[in-house]
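Below: one structure, written as structure tokens.
We number each residue from 1, following the sequence as shown.
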Amino acid sequence: MTTPSLAADTLATLADAETQRATARLAQDIFAGVFRQTLTPDPEQLGKSLRELEGRVIAWCDAGEGDEQRLLRLAMLVTGLDQWGLAYTQAFQLNAIPALSALLASLRSRLNVQSDAIFQQHFSRIEQVETDAVDFKIELRRSLHLALWHAMAACESAEEAKELLQPLGSMMLALDQRMPQIGWRLVADALAHIQISLLGNMDAMSDVAKDSTQQLFESLRQALPAERYQDIVRHSGQVLLAWQQLKRSKESQ
């Protein structure tokens, strides 16, 4: 079966593939910093940490050339932080992440009317046009799904792992349904990198990690249409094969 080609990323002229990937990685770092602050009871320390994180966001956005580039970087970061926040509230059954809400509100409050209009335009395109900011989306979902998988793999019991297995599988299914063109590709990429992580550290992986990973794949197989699941398996297999070939090439040198 030939995989249909994707439409061009119309935002790539403002943020190339590496910039998009770097923005997704920064969103992960910023979210990790914010999430750590949920355990900080000291309001003064919390405020200091959030100002430092906000400064990193502003510095990255200001590195863009012109308002269009700067505001696209901000739109990607806000999108990424939103998705990390949503995923973690679902996976860990949280009502909210107040520190994240405070950071996002502060970032938006810096925009004037004109800048906010440009920001909203970019934010909407990222949300509504599947193939726009595609490299950002691939990197973002790969990191997000891997983070939840690592949390699942670190569980000491099958019961604990199941509490993360269910939301992780649901997120992947929702992604495929919400983004019919590239959603399944993002799922395939994430599954491939889960397999790479598992194979690269097989001896250290517990039986719980191995069993829960197998259950994740099986649950997706049962929930997805057969043809769609085969597309995912085929695509993830190509990614895994490329990794294995690169690994063998490095080992032979």
Subject >> Note, Val34 side chain near Leu50 side chain (heavy atom, < 4.5 Å) >> reply: yes

Original post:
Between Ser106 (side chain) and Ala102 (backbone), is there a donor-acceptor pair under 3.5 Å?
Top reply: no

**OP:** Test side chain to side chain donor-acceptor pair (under 3.5 Å) on Gln215 and Ser219 and set out the steps.
**Re:** CA-CA 6 Å; Gln215 289 177 41; Ser219 65; over 6 Å; no

Original post:
Where do Thr79 and Glu127 land on the side chain to side chain contact (heavy atoms under 4.5 Å, CB included) test, with the steps shown first?
Top reply: CA-CA 8 Å; Thr79 298; Glu127 174 66 23; 5.5 Å; no

**OP:** Would you indicate whether Gln214, at its atom CD, is surrounded by more than 12 heavy atoms from other residues, nucleotides or ligands within a distance under 6.0 Å?
**Re:** no

**OP:** Apply side chain to side chain contact (heavy atoms under 4.5 Å, CB included) to Thr19 and Asp16, showing your working.
**Re:** CA-CA 5 Å; Thr19 299; Asp16 61 19; 2.8 Å; yes

**OP:** Could you walk me through whether Arg234 and Asp231 pass the side chain to side chain contact (heavy atoms under 4.5 Å, CB included) test, one step at a time?
**Re:** CA-CA 5 Å; Arg234 188 180 303 108; Asp231 287 340; 3.0 Å; yes

Output a table of donor-acceptor pairs, distance under 3.5 Å, between side-chain atoms of residues 160-170 and any protein atom two or more places apart or on a different chain; print 'none' if there are none.
residue : atom : partner : partner atom : Å
Glu160  : OE1  : Glu156  : N            : 3.1
Glu160  : OE1  : Ser157  : N            : 3.4
Ser170  : OG   : Gln166  : O            : 2.9

**OP:** For the pair Tyr88 and Phe92, name the ring-plane relationship: parallel under 30°, tilted 30 to 60°, perpendicular over 60°.
**Re:** tilted

**OP:** Look only at the side chain of Glu139 and the backbone of Ala24, and say whether a donor-acceptor pair between them is shorter than 3.5 Å.
**Re:** no

Subject >> Nearest-0.5 Å distance that lies between atom CG in Leu240 and atom CG in Leu191 >> reply: 11.0 Å

Original post:
At what distance, to the nearest 0.5 angstrom, does CH2 of Trp84 lie from CG of Leu148?
Top reply: 7.0 Å

Original post:
Do Ser143 side-chain atoms and Leu140 backbone N/O form a donor-acceptor pair below 3.5 Å?
Top reply: no

**OP:** Answer yes or no: are there more than 12 heavy-atom neighbours, outside Glu44 itself, under 6.0 Å from its atom CD?
**Re:** no

Subject >> Electrostatic pair Arg178-Glu130, nearest N-O below 4.0 angstrom >> reply: no

Original post:
Taking atom types as modelled and ignoring hydrogens, do the side chains of Gln20 and Asp9 form a donor-acceptor contact shorter than 3.5 angstrom?
Top reply: yes

Subject >> Pair Arg25 + Glu18, salt bridge at N-O below 4.0 Å >> reply: yes

Original post:
For Trp60, does its backbone N or O pair with a side-chain atom of Arg73 as donor and acceptor, under 3.5 Å?
Top reply: yes

Subject >> Minimal non-hydrogen separation, Ser236 against Ala192, with atom names >> reply: O-CB, 3.6 Å

**OP:** Taking the side chain as every heavy atom from C-beta outward, state whether Met76 and His122 have any pair of such atoms under 4.5 Å apart.
**Re:** no

**OP:** Taking the side chain as every heavy atom from C-beta outward, state whether Asp29 and Leu53 have any pair of such atoms under 4.5 Å apart.
**Re:** no

Original post:
Is the CD atom of Gln222 crowded by more than 12 outside heavy atoms at less than 6.0 Å?
Top reply: yes

Original post:
Is Val129 reachable from Met179 through a run of hydrophobic residues whose side-chain heavy atoms are each under 4.5 Å from the next?
Top reply: no

Original post:
Step by step, would you call Gln37 with Lys48 a side chain to side chain contact (heavy atoms under 4.5 Å, CB included)?
Top reply: CA-CA 10 Å; Gln37 300 312 310; Lys48 179 182 177 181; over 6 Å; no

Original post:
Centres of the Trp149 and His193 rings: under 6.0 Å?
Top reply: no

Original post:
Looking at residues at least two apart in the chain, or sitting in another chain, which of them share a side chain to side chain contact (heavy atoms under 4.5 Å, CB included) with Asn95?
Top reply: none

Subject >> Check: Leu86 main-chain N/O paired with Thr89 side-chain donor or acceptor under 3.5 Å >> reply: yes

**OP:** Compare all side-chain heavy atoms of Arg110 with those of Ile58 and state whether any distance is below 4.5 angstrom.
**Re:** yes

Original post:
Hey, does the side chain of Asp135 reach the backbone of Arg21 with a donor-acceptor pair shorter than 3.5 angstrom?
Top reply: no

**OP:** Working to the nearest 0.5 Å, report the span between CD of Glu54 and CG of Leu107.
**Re:** 5.0 Å

**OP:** Find out whether Leu220 and Ile232 are in side-chain contact, i.e. whether some heavy atom of one side chain is under 4.5 Å from a heavy atom of the other.
**Re:** no

**OP:** First locate atom NE2 of His150, then atom CG of Leu198, and finally report the distance between them rounded to the nearest 0.5 Å.
**Re:** 10.0 Å

Original post:
Does a side-chain heavy-atom distance below 4.5 Å link Leu11 with Ile126?
Top reply: yes

**OP:** Mind checking the CZ-CD spacing from Arg221 to Glu218? Nearest 0.5 Å is all I need.
**Re:** 4.0 Å

Original post:
Which heavy atom of Ala99 sits nearest a heavy atom of Leu46, and at what distance?
Top reply: CB-CD1, 4.1 Å

Subject >> Identified side-chain hydrogen bond (donor to acceptor under 3.5 Å, both in side chains) counterpart of Asp189 within the set Arg142, His145, Lys137 >> reply: Arg142

Original post:
Atom CG in Leu71, atom CZ in Phe123: separation rounded to 0.5 Å?
Top reply: 13.5 Å

Original post:
Do Met171 and Arg141 touch side chain to side chain, with heavy atoms closer than 4.5 Å?
Top reply: yes

Subject >> Contact check, side chains of Leu224 and Trp184, non-hydrogen atoms, under 4.5 Å >> reply: no

